[in-house]
Amino acid sequence: MSPPPAPPPGPTPAPAPALLLADALARGPLVLDGGLSNQLQAQGCDLSDELWSARLLADDPAQVEAAHTAYARAGARVLITGSYQASHPGFARRGLGREETDALLRRSVTLARAAAGAAGEPVWVAASVGPYGAVLADGGEYRGRYGLTVAELERFHRPRIEALAAAAPDALALETVPDADEAEALLRAAAGCGVPVWLSYTVAGRRTRAGQPLADAFAVAAGNDQVIAVGVNCCDPRDAAPAVRLAARATGKPVVVYPNSGEGWDAARGAWRGDAAFDPAAARAWVRDGARLVGGCCRVGPPEIAALAAELAAGAGREAGPGTEPGPGPGPGPEG
C-alpha cells in the first residue's frame with residue numbers, strides 16, 4: 001500500500017452541528033446509520049482484505065464518503081466513521097508509518113463530515129474505535145479474552161484515539177466491545193482526549209461475548225461524565241430490548257443500540273449465515289425504555305435505516321397528539 005493520497009477535491013466538509021451531541025440526546029432520540037461494510041459492498045467495493053473497509057480510507061476514500069451519504073439521505077443523523085478496523089499495527093503491515101496512519105484516521109472523520117452536508121439538517125459524526133479483536137481479523141471481537149492485560153489494551157488503543165480526537169468528531173464510538181476489561185482499557189485511553197464517548201458492547205443474551213454479566217459490564221461506565229451513552233451493537237436484534245433496559249438501569253445514562261441484521265458471522269468461512277431478524281418497528285420499544293441513539297450494524301442498510309427513521313418519526317408524532325408539535329421524545333425508561 002502506498003502512502004495515502006491527498007484528499008479528493010470536493011465540497012468543503014460540513015461544520016460540526018452547533019448543538020452538542022449530548023444536548024441533542026436530551027431532546028430526544030437520534031437515528032444512527034447502518035453497516036458501513038455492507039453499503040460499501042453494495043457499491044461494488046472488495047472488502048476481502050484483512051483491513052476490511054479501513055483499506056478504502058487510503059485506496060478509495062470517495063467510496064467511503066458515498067456510503068456515508070447514502071445513510072444521511074436515508075435519515076441517519078449520526079454517522080459512524082470508517083475507522084473501525086483502522087490501527088497503527090494494521091497499516092504498518094502495509095508499510096505505512098505513524099504519521100501516515102494518523103492522517104488516514106483523521107481522514108475518516110473528514111469524509112463523514114463531508115457526507116453530513118447531504119442531509120440539509122444537523123448530522124453528528126462519531127469516530128469509530130473498534131476492539132482489539134477487529135484488528136486480528138479473525139472474529140476475535142466476538143470472543144474477547146485476548147490474553148492481554150488492561151494496561152496492554154490501553155497502550156494499543158491510545159494512539160488511534162488520540163489521532164481520531166485530533167480530527168474533532170462529535171463523539172468517539174467505543175463499539176463492538178466484547179469484554180468489560182477492554183471497556184475499562186478504552187475508557188482509560190480516552191480519558192482527557194477532550195471528546196465525549198459512547199460505549200457499546202457486543203453481547204450474547206445478557207452477557208458480554210466474554211461471558212461477563214451485562215449489568216456488571218455496563219457499570220464500568222457509570223459515573224464517568226465523559227460517557228454520554230451506553231449500550232450494545234453488532235448483536236442479535238432479539239437481544240437488544242433486555243440490553244437496553246439493563247444499560248439504563250445500571251448507568252442512568254442515555255442508551256445506544258444498533259444491532260446487526262440477526263445473521264451470524266462465520267469467521268472460519270468468512271460468510272454470514274442464518275436469517276435476518278432486524279425489525280425497525282422494535283425501535284419504538286427501545287426508545288420507550290431509554291434508547292436515544294438507535295440504528296443498525298452489520299447487514300442493516302439504508303432501506304432499513306430509512307424505515308427505522310420513519311418509525312421513530314411516526315411514534316413521536318403520535319405521542320405529541322393532534323394539533324401539537326412533536327415534543328422532545330420520551331424520558332428515561334422506568335428502570336433508567
Side-chain donor-acceptor contact under 3.5 Å, [X] with [Y]:
{"X": "R160", "Y": "S87", "result": "no"}
{"X": "E152", "Y": "Y146", "result": "no"}
{"X": "T202", "Y": "E141", "result": "no"}

So, [X] side chain and [Y] main chain: donor-acceptor pair closer than 3.5 Å or not?
{"X": "Q85", "Y": "A134", "value": "yes"}
{"X": "K253", "Y": "D225", "value": "no"}
{"X": "Q39", "Y": "H68", "value": "no"}
{"X": "Y201", "Y": "A217", "value": "yes"}
{"X": "E182", "Y": "V150", "value": "no"}
{"X": "R55", "Y": "D46", "value": "yes"}

Hey, is [X] close enough to [Y] for a salt bridge, meaning N to O under 4.0 Å?
{"X": "D138", "Y": "R143", "result": "yes"}
{"X": "D239", "Y": "R206", "result": "no"}
{"X": "D289", "Y": "R284", "result": "no"}
{"X": "E50", "Y": "R93", "result": "yes"}

Rounded to the nearest 0.5 Å, what's the gap from [atom1] on [X] to [atom2] on [Y]? Could you check?
{"X": "T81", "Y": "D33", "atom1": "OG1", "atom2": "CG", "result": "9.5 Å"}
{"X": "L30", "Y": "W124", "atom1": "CG", "atom2": "CH2", "result": "5.5 Å"}
{"X": "R299", "Y": "Q41", "atom1": "CZ", "atom2": "CD", "result": "7.5 Å"}
{"X": "L96", "Y": "L104", "atom1": "CG", "atom2": "CG", "result": "6.0 Å"}
{"X": "D279", "Y": "R238", "atom1": "CG", "atom2": "CZ", "result": "11.0 Å"}
{"X": "D170", "Y": "L20", "atom1": "CG", "atom2": "CG", "result": "8.0 Å"}

Exercise. Under a 4.5 Å cut-off applied to non-hydrogen side-chain atoms, are F278 and P259 in contact?
Worked result: yes

Exercise. Quick one: does T176's side chain get under 4.5 Å of S200's, heavy atoms only?
Worked result: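 A side-chain contact is absent here, since even the closest heavy-atom pair is not under 4.5 Å.
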
Looking at every heavy atom in both [X] and [Y], which two are closest together, and how far apart are they?
{"X": "S108", "Y": "L164", "answer": "OG-CD2, 3.7 Å"}
{"X": "L105", "Y": "S83", "answer": "CD2-CB, 4.0 Å"}
{"X": "C234", "Y": "C298", "answer": "SG-SG, 3.7 Å"}
{"X": "A241", "Y": "W286", "answer": "N-NE1, 3.8 Å"}
{"X": "P61", "Y": "A58", "answer": "CD-O, 4.0 Å"}
{"X": "V244", "Y": "G290", "answer": "CG1-N, 4.4 Å"}

Member of [options] meeting the side chain to side chain contact (heavy atoms under 4.5 Å, CB included) criterion with [X]:
{"X": "T208", "options": "L214, D216, D179", "value": "L214"}
{"X": "L32", "options": "V294, N233, V256", "value": "V256"}
{"X": "V125", "options": "I80, T110, V109", "value": "V109"}

Exercise. Should L47 and Y84 be counted in the same cluster of Ile, Leu, Val, Met, Phe, Trp and Tyr side chains packed under 4.5 Å apart?
Worked result: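 L47 and Y84: one cluster.
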
Exercise. Any chain of hydrophobic side-chain contacts (each under 4.5 Å) joining V195 to V227?
Worked result: yes

